[in-house]
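Here's the structure we're looking at; comments come further down.
Order of the sequence lines fixes the chain letters, A, B, ..., with proteins taken first and strands second; residue numbering starts at 1 for each chain. All heavy atoms count here, side chains included; hydrogens, waters and symmetry mates do not.
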2 protein chains.
Amino acid sequence: MTDPLPTGAIIGILGGGQLGRMLSVAAARLGFRTHIFEPGANPPAADVAHAVTTAAYDDVAALTAFAKAVDIVTFEFENIPTDALDVIEAITPIHPNREALRTSQDRLTEKTFLEGLGLNVAPFADIANAADLKAAMQTIGAPSILKTRRFGYDGKGQSRLRSVDDAATAWADMAGSPAVLEGFVDFSIEVSVIAARSASGDVACFDPGENVHRDGILHTTTVPARLSAAQRTDAVLLAAKILNALDYVGVLGVELFVTPQGFIVNEIAPRVHNSGHWTQNGCTVDQFEQHIRAITGWPLGDGSRYADVVMENLIGDDMDRVPALAKQRDTALHLYGKADVKAGRKMGHVNIIKR
Amino acid sequence: MTDPLPTGAIIGILGGGQLGRMLSVAAARLGFRTHIFEPGANPPAADVAHAVTTAAYDDVAALTAFAKAVDIVTFEFENIPTDALDVIEAITPIHPNREALRTSQDRLTEKTFLEGLGLNVAPFADIANAADLKAAMQTIGAPSILKTRRFGYDGKGQSRLRSVDDAATAWADMAGSPAVLEGFVDFSIEVSVIAARSASGDVACFDPGENVHRDGILHTTTVPARLSAAQRTDAVLLAAKILNALDYVGVLGVELFVTPQGFIVNEIAPRVHNSGHWTQNGCTVDQFEQHIRAITGWPLGDGSRYADVVMENLIGDDMDRVPALAKQRDTALHLYGKADVKAGRKMGHVNIIKR
């Protein structure tokens, strides 16, 4: 990376969902302009972007024009087709880098990478067919979870095995997709670390947040998490190890299970993360701005927390609660402007300040 | 006002400067979309807006199309041509209302209005010509300030009189514009109250901020201001009196001089105000969102402060300090994306959290 991008530079963002939307607002706060690339019409990010390209990820002409129109490219989700990235990268740099994307796009690659760093992960096995699953059940056993290697999020592409008898059904659920069997981890709490690494190799982490899920989707993140000072330090060192190993530039989300034997890494996400939304109201530099700073070659910001926060996702019909939440004390509303309310769809979140 | 505007509704904003920009971001946070009307090219607000109309305020066709494309109209500055407002208001409601605009567009009307409410203002006199000024100097004396009745901001259109001898020069400075002579007020500090009134008549005020000016332009706002509890209450009651008298809907800035004899109202601004920028990092609902809530018929938000803040404007060459400020602890940068740095031009601000 050379000089920092100057104010006025244009940041291309692949994906126009709520993460792209909040990245765009953060970029504007630093004087940058954003250009959203998104196949779907009227994406949430378009309401707060300088420019929008509506095109498919296999539209080479659109990808080329997009890459030429921007100074740098980043993304809000990890499952971007490799061919699209190839087209863009021939023209404009992409941050975080391709290796980080490749690693996190595939659960097997990711777990192997983390294990290679000496970090603890749940017992896992590569499952290419029913026979693999049968064999893996001998060692990993039940309860366990079968997950597709790619394209899973918010509990999608997962099947729980309560006993060996569930194996056939679980494998059928994968519909032929390569999968990973993960052993059950007996954890007390799940926390996540939102970590950033700058172009010059500096690392900064926000305070870990404590996550509660419902139906496989993040429900709340509470900061501070119930961790000891030693655990906080461990979490930061662990995140830094991952960032450095990937020569990462940008924000990375790391989900950790807290167990009596220490942290077990659940998964990493090479992007801003739902469990980091609390930073919008708890820190002067939030995760979105931190990501923009990193990828533009700016110094990382001071992510120290000046307020305790509980972030709660608004999912599907939770939108009915907005009129009441709008009147609630110490509550910051963040709605995504999605036209259609659907069950399981992330529609917004609230950050509630705790005094 | 009828039902609250639903998420997805489009808010028209007259003016595409930094206030329109920050209003647009706040509107998006509630799921609204914005449409900016601005004569100048590439206005700061365009980077974070759903739609932009670039046209002059006397372009009736453009004003008509704009008014038809939005659900409600608001503005970021008070000096909008009356004819433009007439075109828009025939199609779409404007908040705050025309009476509030009319009152604050003219210093003489404003001071007469405030005095009529029983509030204290500096001694003033209507100056239409050199003879008026000569006569007024007999009663108001020097030091005093001659100000154009209309179109003044950030110290522009003002001339100080240190003695009667300055009268001829001061009047010449007005270039024939109708003016007001204001007597000098011996104040200890200047504070401002950012007050909001909802469509249903509820009033909410942010904590008063203490302002310091440099060269006629706001330099810093510090919250909390050095006021007693009784003074804080007085300030809120005073602001509420103004809002109610104007049947006001939206956010209003009220600048007050603190004197041994009580508050003297310096001026009011029928819009979000530079001295309210601190709310972006001190409150869960900032002044921009509060304004959007009011004009869309939403309930006013909880504007209680959860952090002490010093807001400092970045003017002209202050942009050279951005690299250092980006590294400074507890400092939130808010840049406006203006391409050209000019002396006296507001380029951004920082909100610094005080612990």
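- In terms of heavy-atom pairs under 4.5 angstrom with chain A, the leader among Ala28(B), Gly337(B), Ser24(B) is Ala28(B).
- Here the NE2 atom belonging to His50(A) is positioned 7.0 Å from the CG atom belonging to Asn42(B), to the nearest 0.5 angstrom.
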Determine whether Ser304(B) and Asp330(A) satisfy the following criterion, side-chain contact (heavy atoms from CB on, under 4.5 Å), listing intermediate values before the conclusion. CA-CA 7 Å; Ser304(B) 65; Asp330(A) 286 336; 3.6 Å; yes

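- Looking at Ala46(B), the atoms closer than 4.5 Å to chain A (heavy atoms on both sides) all sit in the backbone: N, CA, C or O.
- Taking NZ of Lys327(A) as the reference point, atom CG of Asp202(B) lies at 9.0 Å (rounded to 0.5 Å).
- Put simply, of Met22(B), Arg305(B), Glu289(B), the one with the most heavy-atom pairs under 4.5 Å next to chain A is Arg305(B).
- Val52(B) does not touch chain A: none of its heavy atoms, backbone or side chain, sits under 4.5 Å away.
- Counting heavy-atom pairs closer than 4.5 Å to chain A, the top residue among Thr331(B), Asp47(B), Val322(B) is Asp47(B).
- Rounding to the nearest 0.5 angstrom, the gap separating the CZ atom in Arg21(B) from the CZ atom in Arg29(A) is 10.5 Å.
- Considering only heavy-atom pairs separated by less than 4.5 Å from chain B, the leading option among Ile352(A), Asp286(A), Thr7(A), Leu333(A) is Leu333(A).
- Asn281(A) and Tyr306(B) make their closest contact through O-OH, 2.5 Å (heavy atoms, listed as atom of the first residue, atom of the second, distance).
- Interface remark: Arg355(A) contributes side-chain atoms only to the contact with chain B (heavy atom separation under 4.5 Å).
- Note that CG of Leu335(A) is 9.0 Å distant from CZ of Phe32(B), once rounded to the nearest 0.5 Å.
- We find the NE2-OG1 distance between His334(A) and Thr284(B) to be 9.0 Å, quoted to the nearest 0.5 Å.
- Nearest approach of Gln328(B) to Asp302(A), heavy atoms of both residues: O-CB, 4.3 Å.
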